[in-house]
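For reference, the structure is listed below as structure tokens.
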Protein chains: 2
Amino acid sequence: MSERKPSTRPTIDDVASYAGVSIATVSRVINQTAPVATKTVERVQAAIENLNYQPQAAARTLAGRKTRTIGLLLPQIGGYFFFPMLQGIESGAHVDGYNLLIHSALSNPDPDQGEMPLALGEHNTDGLIVFAHSLSEKELRRLYDFGLPLVLLHQSPPEGLAIPNVTFENKDGARRIVEHLIEVHGYREIAILTGPEEHEDSYWREMGYLEALNAHGLVFNSALKLRGKFSPEIARLAVAGLLGTGVPLDAIFAADDESASGAMMALREAGLRIPEDVAVVGFDDTLLASHLTPPLTTVHAPIEQAGRVAISQLVRLINGEKTESVTLLPTELVIRKSCGCCSK
Amino acid sequence: MSERKPSTRPTIDDVASYAGVSIATVSRVINQTAPVATKTVERVQAAIENLNYQPQAAARTLAGRKTRTIGLLLPQIGGYFFFPMLQGIESGAHVDGYNLLIHSALSNPDPDQGEMPLALGEHNTDGLIVFAHSLSEKELRRLYDFGLPLVLLHQSPPEGLAIPNVTFENKDGARRIVEHLIEVHGYREIAILTGPEEHEDSYWREMGYLEALNAHGLVFNSALKLRGKFSPEIARLAVAGLLGTGVPLDAIFAADDESASGAMMALREAGLRIPEDVAVVGFDDTLLASHLTPPLTTVHAPIEQAGRVAISQLVRLINGEKTESVTLLPTELVIRKSCGCCSK
DNA sequence: TTGTACGCGTTATCAC
DNA sequence: GTGATAACGCGTACAA
């Protein structure tokens, strides 16, 4: 298959002469930036239609100093968490009339060491949504100082930077699900599978776990704190290791659904039944949760909504309107079977 | 939280005067488009560094007539299939130095009826990757006739349009997994859960199924053909319906992993064991497959690779190089437990 | 090896 | 309501 030669596209001048008006008028009907006579509008629109004209984005940006584009920076693409988030962000961006430019930080080497400057920034975006720790603090500061509108998803801003951030009521959700394990099922030996060290959501989920323990007079047993890193494989190994020690165990609170699935694997491999021998609960309520066997009791996190809110905050910022410095989205307990409820 | 005022960014002129050269020279060192004296290069680079200069994307595009951006058009964002694909596309695009603009067709109303023109197109991209049927044939034709480089993912081009397309060896993979059911396990009553009607991958998977049946002297029983639409819920209902009829059933070949998970649910709800009573196999080998209980025997499809190949084809097209009209990526049988193998 | 000057296609600011 | 025309920031002949 060989190349075809691109034809030349019509410009605003072509439209203007076709319609017998000036380019200024054409611009006016396109952008509705000033009143134009109805007849003229019709002629111009017909011209646009007939010539199949579409304004050149780059020229508009250059002249109008707006890219109409929002950038999204992610640590990496993948995981169950990712697509509802992207869904929210994409639809939100589109509703507000913005294009979405995506980059994963992995393919975006650290600008502190390497040469390559950030592919997303003030030169091609009106604002950025930064997920968790996809940007070094230094780079974040640079962009902030520059004045680029920024919103942080699932990360609070570095000291002194007034960047809006949106996340979940993690502590509250975690506390509630752990209390469910304690109050409804009477479990007392409850392990926790934490996420990555630096992950703030994980931190607050752990705090919620501790709070629930304390509220019910249970003492925290550090042997029951396992690092799951939001990864099924790592969680599986961690749980297998715990089971090897023979420590008594009633239930496992995994800080996300993926590590919960790893925990389930480990339990099953050890010949333990879920939830009869050990209960397992998660956090996030991703697609995975309902596909597991038994279906996972978890905390529903409004992931898609978070994406949408992040966009709306960013758009407000771009428009120079006031924004919330922190948005905490409520979570909700979702009872399925892995905790011991509803089992037959 | 209130607004901050954006500072003004340095231009190529600032860099030029800072370095004591002309803007042409600055442009040359940035784009390495002509030899420049080493000393000069150093001075310019220092200037760029000190001024924190980054070229304005819009201006480069306007002057150089290249957006350095690739557009990705999707029917909707979601499903397990989606991550690896996006991963491949994103990384591929980045490796080749392109930005990635994403749009889902859902938020992109049909331009044939509505007003809104396609948000992605010749005005803001150098080329487009179009997934399955996210674009009407008319719009596809328009873009093609215009000369915009186009690559189709999991869809063959409309009559007469020479657009490269990349997909899997669907028929072959389907045939192999169904033959596995027949030859290794001796199943004869094998149902199929197809995907959406118009989906080509699904069509070829069905063909592979039929081929396997024929090759082993089994006659196709139309009662065993169920529409799963690549959806767990729809598949679940379809299978439940089938079970209600009492038709004999040894195994189910689901045309994708998600419908396989739905089939499993239905079977379990009917009190049937997998694979002892009815075996289930899928297609794609997404994350889901290994998370199911029992782990799903399926056909591994190189989803991420398909994304990467699509990008490379598109880039070749953009560069005016020759491309493959069709790329068929090989699939591979992945034996887990849901077919009856490895069970203990 | 380097500099000058024009053009890329819009928006925005004036006048009329 | 409408029309000239000056930016916008950069690439790139063409000259030197």
Side-chain angles (χ1 to χ4, degrees), chain A residues 6-45 47-48 51-69 97 99 117 121-126, chain B residues 6-45 47-48 51-69 97 117 121-126 146:
Chain A
S7 57
T8 174
R9 67 198 67 179
T11 72
I12 198 173
D13 293 280
D14 299 328
V15 176
S17 55
Y18 187 101
V21 298
S22 72
I23 65 168
T25 299
V26 176
S27 179
R28 285 181 189 114
V29 345
I30 290 176
N31 301 305
Q32 301 179 332
T33 179
V36 177
T38 318
K39 297 224 122 177
T40 315
V41 171
E42 284 167 1
R43 285 218 315 285
V44 171
Q45 275 169 347
I48 290 178
L51 296 178
N52 214 317
Y53 168 75
Q54 281 192 252
Q56 192 94 345
R60 307 184 83 172
T61 298
L62 190 55
R65 27 269 284 46
K66 286 182 174 313
T67 65
R68 297 154 200 253
T69 298
N99 280 112
E122 66 277 17
H123 61 290
N124 62 356
T125 320
D126 291 339
Chain B
S7 57
T8 174
R9 67 197 70 178
T11 74
I12 199 174
D13 293 279
D14 300 327
V15 176
S17 55
Y18 187 100
V21 298
S22 72
I23 66 166
T25 299
V26 175
S27 178
R28 285 180 191 115
V29 346
I30 289 177
N31 301 306
Q32 302 179 332
T33 179
V36 177
T38 319
K39 296 224 122 176
T40 315
V41 172
E42 285 167 2
R43 285 219 313 285
V44 171
Q45 276 169 346
I48 291 177
L51 296 178
N52 213 319
Y53 169 74
Q54 281 193 250
Q56 193 93 345
R60 308 183 81 174
T61 298
L62 192 54
R65 24 270 282 54
K66 286 183 174 312
T67 66
R68 297 153 198 254
T69 297
E122 66 277 15
H123 61 290
N124 63 355
T125 34
D126 292 338
F146 175 81

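These numbers come from a predicted model, not from an experiment. Both backbone and side-chain heavy atoms feed into the values below; hydrogens, waters and symmetry mates do not. The sequence lines fix the lettering, A, B, ..., with proteins before strands; numbering per chain opens at 1.
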Can you figure out which of C:dC8, C:dG3, C:dT10 approaches the side chain of B:L62 most closely? C:dC8

Write down the distance between CZ (A:R9) and P (C:dG9), rounded to a whole number of angstrom. 8 Å

Side chains of A:T40 and A:V29: does their closest heavy-atom pair fall under 4.5 Å? no

How long is the straight-line distance from CD of B:Q54 back to CD1 of B:I30, given to the nearest 0.5 Å? 10.0 Å

Within the 4.0 Å heavy-atom criterion, would you say B:V26 contacts the bases, only the backbone, or no part of the nucleic acid? nothing

Nearest-angstrom distance from the residue atom CG of A:N124 to P of D:dC8: 20 Å

Output the single nucleotide from C:dG9, D:dC10, D:dG3 whose closest atom is nearest the side chain of A:Q56. C:dG9

Heavy-atom check, side chain of A:T61 versus side chain of A:R68, under 4.5 Å: no

Does B:I23 reach a base, just sugar-phosphate, or nothing at all? Heavy atoms under 4.0 Å. base

Counting only side-chain heavy atoms from C-beta out, which of D:dC10, D:dG3, C:dT10 sits nearest to A:T25? D:dG3

Nearest whole angstrom, please: distance from the P of D:dA7 to the NZ of A:K66. 21 Å

Is there a donor-acceptor contact under 3.5 Å linking the side chains of A:N124 and A:T67? no

What is the separation between atom CD on B:Q32 and atom P on D:dT12, rounded to the nearest whole Å? 14 Å

Looking at B:S27, does any N or O in its side chain come under 4.0 Å of the phosphate oxygens OP1/OP2 on D:dC10? no

Which residue, A:A24 or B:A24, contacts DNA chain C at a nucleotide closer to its 5' end, judged by nearest heavy atom? B:A24

Separation of C:dT10 P from A:R68 CZ (nearest whole Å): 12 Å

Can you tell me if B:T40 touches the phosphate of C:dT2, counting only side-chain N or O atoms and a distance under 4.0 Å to OP1 or OP2? yes

Considering heavy-atom distances to DNA chain D, does A:G20 or B:R28 have its closest nucleotide positioned more toward the 5' end? A:G20

If you compare every side-chain N and O of B:T11 against the phosphate oxygens of D:dG9 (OP1, OP2), does one of them come in below 4.0 Å? no

For A:N31 and C:dT13, what is the distance between atoms CG and P respectively, to the nearest whole Å? 13 Å

What is the separation between atom CZ on A:R65 and atom C1' on C:dA12, rounded to the nearest whole Å? 10 Å

Value in whole Å for how far the P atom of C:dT11 lies from CD1 of A:I12: 5 Å

Side chain of A:A63 (C-beta onward), nearest among C:dG9, D:dC14, D:dG11: C:dG9

B:R9 side chain near B:Q56 side chain, heavy-atom distance below 4.5 Å: yes

Taking OP1 and OP2 of D:dG11, is either one under 4.0 Å from a side-chain nitrogen or oxygen of B:R60? yes

